[in-house]
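Worksheet: one structure, shown below.
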Amino acid sequence: MTTTETPPTGAVPAAEKKNWRTSGGVRGWFGRQHWAVRTVLALVFAAVAYLLPYAGDVPVLGPQIITEGIDWPSALFNMSYYVLLALGLNVVVGFAGLLDLGYVGFFAVGAYTVAMLTSPDSVLHTEWPWLAAIPVALAIAMLSGLILGWPTLRLRGDYLAIVTLGFAEIIRIFATSSETLRGDRGFSDIPHPPGSYADGKPIFGVADATPYYWLGLSVIILVIFGVRNLDRSRVGRSWLAIREDEEAAEIMGVRTIKYKLWAFAIGAFIGGLGGVMFAGQQGFMNSQTFILQFSILVLAGVVMGGSGNLFGAILGGALISYIPDRLRGIEDPIFHTDLFGFRFAIFGLVIIAIMIFRPQGLIPSRRRAMELKDREKEVAPQ
Amino acid sequence: MLLELQDVTLLYGRIQALHGISMTVGEGEIVALIGANGAGKTTTMRAISGLRPVAQGSIRFNGEDITKMRADLRVVRGVSQSPEGRGIFPGMTVRENLEMGAYTRRNRAEIKEDMDRAFTLFPRLKEREKQVGGTMSGGEQQMLAVGRALMSRPKLLLLDEPSMGLAPMLIQQIFDIIVEINQQGTTVLLVEQNAQQALSRAHRAYVLETGRIVKSGTGSELLHDPSVKDAYLGVA
Ligand SMILES: Nc1ncnc2c1ncn2[C@@H]1O[C@H](COP(=O)(O)OP(=O)(O)OP(=O)(O)O)[C@@H](O)[C@H]1O
Ligand SMILES: [Mg+2]
């Protein structure tokens, strides 16, 4: 794999240059460009992302890309909150190396808090606007991350996975059976985001999902900036050390529990953000939304895309939402029903193929690749 | 005394690994800790660096009781460890690994000085500055682990089997370097399988057997002690 090559020893001038810039592959190439070139490329990339709702108008290629069984802007919006979830989970799993199998729990906490505060069905009867509920929802999501993390982050590996799995299940069961959270009757009339056009029509209506997608995309871009800065800071360095060797990190003076809690809280915050967006677009939600598969799917997306790499996680998150939506409304050749019914089988094949041909994920993290190799060495008899 | 352990007991679940260990390390000394596999040497190191809580007894460092202190604060106080099995960060380059060693420090200029010092002690690390830790050879990783432990400017350096997996010539060299580090003013507590080397370089030493200290003395005393000879120095 080109991205895992070790740089030539001593041959590289300018001692301070970051390592990934000297490596091969797209990332290495991107890193070597002048900052202005990089900025322009990033802007072009963002512009293309904002124009995606019109992808169907592109001749030849367009019709292949857009979804048939679900309207394209809705599919794009779905992708946007999956990407948010993947970004958040990537902080926990990819950066800090903590296996969280119950990540959807935070998504649920965010969405339910919004529902409770805004929906007329809620026992609270507050009926706040969507915008006002956001800070509360995010704070509660973050808090739930801290509350879950405090006792569990002392556990290692497998135990943490099981406890987080339990957390998501508890939330789901609570949502199903508690009178307050209304089971599958759910909450209706959750308000949409504010704003209206000059003619008085709301920007965020029910007919067109495009504005929601744009909102989601804008939130994603903000989150990318935030997460990237964190990753490059002392916090990111601490996560990296913890992920690579927790005990060694502790010996270096990293306060491991603190940084693991941070990863959990930030992940929960971003997951909660996904829930907030979801609730604001759907207008209705019930306990059926938060099935366990959802957590596993997002995790699969992160791993598939390239755990530990921001853009890998984004790609993975987008794919897990895009692939099933793209399959909708296409007739399958055997039973002549909808290919959507085969989505998990097809997913399975795609994931197996990716794991065979690119075990580090589609856009791998160079460090992660090295860590995996190192772990193999540990397992194999010397 | 820089380091003072008093009746330290440590449990792994219900297994008692240390049965009341008392030992001291004075400022400027090299103290060796030798013993068979499973005697509790690594466990003693982990108790001192704070990776494992002690059940009973106390640990004092530089006049302060650190028995219950968090591991990261002990680093700030001046305890630094090169762990058994090296504990290199495999995805970080040599330079990044060394920088991690200076994690608790802020003074850029001083860190740079210490980086240069590590490169002087281990020229091989300088050559491999940009290589990722995981691809380094075992011996190189060992040098990196020792170099990294020095990057926190420790008062007390804990070395857990620094000669493990090294070629005979390199073993000589790493012990020379340990002595050099010590002469530059760092106190060293050294755990070793290679008792011959450890005892001949250390000022004092302790012998550990199944979680208890069974013998102590100066390095040369133990080197010539018949029972130590029998048990740890191979055929005399
Ligand atoms: N995490 C653990 N859980 C349970 N028992 C442990 C654990 N770590 C060590 N032990 C036990 O504690 C005892 C002391 O182990 P320790 O690693 O301190 O030995 P050591 O003297 O360093 O041996 P070696 O020379 O092989 O490194 C051993 O019996 C070991 O099995
Ligand atoms: Mg040991």
Side-chain angles (χ1 to χ4, degrees), chain A residues 3-23 94-95 97 154 234-259 308-309 360 364-378 382, chain B residues 45-46 48-52 70-106 115 124-136 138 141 144-145 148-149 151-152 154 158 160 165:
Chain A
T3 40
T4 61
E5 296 174 344
T6 53
T9 46
V12 188
E16 298 306 320
K17 261 214 174 126
K18 281 263 175 6
N19 207 285
W20 51 273
R21 294 185 183 190
T22 53
S23 69
F95 288 169
R154 285 154 222 277
R234 189 176 171 79
V235 180
R237 199 30 76 103
S238 311
W239 284 337
L240 173 63
I242 291 170
R243 180 179 93 207
E244 296 205 338
D245 191 328
E246 188 169 342
E247 238 174 43
E250 206 160 343
I251 297 173
M252 299 300 113
V254 178
R255 199 175 164 188
T256 52
I257 187 79
K258 174 176 137 187
Y259 287 102
N309 183 311
Q360 261 50 277
S365 144
R366 178 183 54 84
R367 291 192 205 274
R368 273 310 274 227
M370 199 58 236
E371 290 159 27
L372 288 175
K373 245 194 225 155
D374 195 67
R375 230 148 271 170
E376 271 167 28
K377 238 191 308 184
E378 262 169 39
Q382 304 255 328
Chain B
M45 293 298 218
R46 292 157 64 85
I48 298 168
S49 63
L51 284 178
R52 268 271 163 181
R70 290 197 323 252
D72 56 298
L73 292 179
R74 297 189 201 197
V75 180
V76 178
R77 296 294 190 282
V79 181
S80 184
Q81 185 180 2
S82 160
E84 186 176 19
R86 306 170 192 125
I88 292 303
F89 299 109
M92 295 190 200
T93 63
V94 167
R95 173 173 279 271
E96 287 168 335
N97 263 286
L98 290 173
E99 281 167 355
M100 269 316 290
Y103 181 87
T104 54
R105 299 170 55 199
R106 296 298 155 113
M115 184 85 74
R124 178 68 68 89
L125 295 184
K126 177 74 190 165
E127 290 164 29
R128 305 268 151 153
E129 197 180 330
K130 282 162 190 294
Q131 187 171 333
V132 281
T135 58
M136 303 272 282
Q141 288 191 4
L144 182 53
R148 186 182 62 179
M151 289 299 293
S152 65
L158 307 172
D160 197 342

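Quick note on labels: first sequence line is chain A, next is B, and so on, each numbered from 1.
- Note on V254(A), L240(A), T256(A): by heavy-atom pairs under 4.5 Å with chain B, the leading option is V254(A).
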Chi angles and distances behind the side chain to side chain contact (heavy atoms under 4.5 Å, CB included) call for Y103(B), R148(B): CA-CA 10 Å; Y103(B) 181 87; R148(B) 186 182 62 179; over 6 Å; no
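- Here the straight-line distance linking atom CZ of R128(B) with atom CE of M136(B) works out to 7.0 Å at 0.5 Å rounding.
- Judged by distance alone, the side chain of Q81(B) and the main-chain N or O of R46(B) form no donor-acceptor pair under 3.5 Å.
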M45(B) and E84(B): side chain to side chain contact (heavy atoms under 4.5 Å, CB included), yes or no, with the steps? CA-CA 9 Å; M45(B) 293 298 218; E84(B) 186 176 19; over 6 Å; no
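- If you measure heavy-atom distances from M151(B) to chain A, you find no contacts under 4.5 Å at all.
- Residue L144(B) holds its CG atom at 9.0 Å from OG1 of T93(B), rounded to the nearest 0.5 Å.
- Considering only heavy-atom pairs separated by less than 4.5 Å from chain A, the leading option among L158(B), N97(B), L51(B) is L51(B).
- Neither the backbone nor the side chain of R74(B) comes within contact range of chain A, judged by heavy atoms closer than 4.5 Å.
- Contacts with chain B were tallied for R255(A), E250(A), E247(A), R243(A); R255(A) has the most, counting heavy-atom pairs under 4.5 Å.
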